[in-house]
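No experiment lies behind these values; they were computed from the predicted model shown. Hydrogens, waters and symmetry mates play no part in the numbers below; they use all other heavy atoms, side chains included.
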Amino acid sequence: MDFKSIKARDKEYIANSYNRQDVWFKKGRGARLYDDQNREYIDFASGIGVSSLGYGDKQYLKAVLKQLGKLCHSSNLFYTAPDGRLAAQLCQLSGMKKVFFSNSGAEANECAIKAARKYSFDKYGEGRSTVLTLRNSFHGRTVTTLAATGQDKFHNYFFPFTEGFRYVDANDVGGTVAAMDDTVCAVMLEPVQGEGGVLPLSGDYVRAVAKEAAKRDILLIMDEVQTGIGRTEKFFGFEHFEVKPDIVSLAKGLGGGLPIGATLLGEKVERVFGYGDQGSTFGGNPVVCAGACEVVRRVSQPAFLDEVAKKGALIRSFVAEIHSPYVKEVRGRGLMLGLALEGIEAAELSKKLLAAGLVTLTAGGNTLRLLPPLIISESEIERGVKILGKTLKGMEK
């Protein structure tokens, strides 16, 4: 089919919930994408932080195809090998005790919320189910994770939202501690608020909240759906703060392009779920887990993470050389970066960059968000930032 036919079919049959860009990507190699005209694009988005190893990685493909040729699904009523192997990798790297597998970040966060509430119910009974989340946070698009999300723009249309969430300000220790009353079972934090504008939390704040929560037996949940799996130059974002969460949620980059969610359960909650308390038909799918094992094996290597740090610093240095009046600040960690803009709209800039051959994202607070594949080369970074600089220059009045 030609592109016109693709778009017409999409419009007729697919729910109108995505404002798609006018590009049809047909293939990818490394950190580059190619459209139906074989035009090349430098990818600074990685499918919203998903394609950790880029596109067409031979070792990743080998792992996935080998498992696909054996067994693609059998359900959690039976044993398979890849999910146990992946769970062991994640527990060893994180210090957590157990893993529950699902299919997405929203599901991983739902599981985290359920685990925290059941822990509190089992130990203290009813009335201790509130989860504190941050204003400007984002935790997913189910009714419950939308309720957990601390942004008013997401709290429309789908009433009634799930009860039991209270919002506090990021980096406000006093306000967060004051909200920790006897109805609270958990505090849920993103190490870097991604959708909210690529806003890193301060180490002092996270450490103080973790310390106070531990005193009150309030669980610390780290939402690492976007920050996990090497994205912030540490394998887990929480490692920047030297704290040990009780629950960690993962998705996006873990699957390397295939859908997966994972909820890591620490010592307090490792036995909180009994038979039938939680489930997922496709959770722990052997093909997806086989690919994720390869992602984790590669990304967790210290030398790989050192390269992520170097590449993040390189992007910052190149952006600084642009000297654009529109770029007010570069925020983030590792290869999770946001350019805070003033005088132009992030959505307009992102569209112009796509036309020029650079794929980017946007985030809250008029932010251009950059989430390249972790394997992107220095030459590709240089090319991408040159496109950014030229485009910004062309927008100057």
Next item on the list: Go through the structure and list residues passing side-chain contact (heavy atoms from CB on, under 4.5 Å) with Cys185, not counting sequence neighbours.
Entry: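 Ala116, Arg117, Ser120, Arg128, Val131.
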Pair [X]-[Y], side-chain donor/acceptor within less than 3.5 Å:
{"X": "Tyr119", "Y": "Asp217", "answer": "yes"}
{"X": "Thr142", "Y": "Thr144", "answer": "no"}
{"X": "Thr183", "Y": "Asp181", "answer": "yes"}
{"X": "His139", "Y": "Thr133", "answer": "no"}

Check: Between Phe44 and Leu337, is any pair of side-chain heavy atoms under 4.5 Å apart?
Finding: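 No, too far: nothing below the 4.5 Å cut-off.
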Margin query: Any side-chain to backbone donor/acceptor pair from Asn136 onto Gly197? Under 3.5 Å, distance only.
Written below: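 Judged by distance alone, no pair lies under 3.5 Å.
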Next item on the list: Look up atom CG in Leu219 and atom CD1 in Ile113, then write down how far apart they are to the nearest 0.5 Å.
Entry: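 Atom-to-atom, Leu219:CG and Ile113:CD1 are 12.5 Å apart.
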Note to self: Against the six-membered ring of Tyr41, is Arg39 placed for a cation-pi contact (under 6.0 Å from the centre, within 45° of the normal)?
What the structure shows: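 Yes, cation above the ring, under 6.0 Å and within 45°.
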Checklist line | Lys NZ or Arg CZ of Lys7 over Phe3 ring: under 6.0 Å, within 45° | finding: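 Yes, cation above the ring, under 6.0 Å and within 45°.
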Is a salt bridge present between [X] and [Y], judged by a nitrogen-to-oxygen distance below 4.0 Å?
{"X": "Glu396", "Y": "Lys393", "result": "yes"}
{"X": "Asp172", "Y": "Arg135", "result": "no"}
{"X": "Glu380", "Y": "Arg383", "result": "no"}

Notebook entry, point to check: Which class fits the ring pair Phe161 and Phe158: parallel under 30°, tilted 30 to 60°, perpendicular over 60°?
Noted result: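 Judged by the thresholds at 30° and 60°, the geometry between Phe161 and Phe158 is perpendicular.
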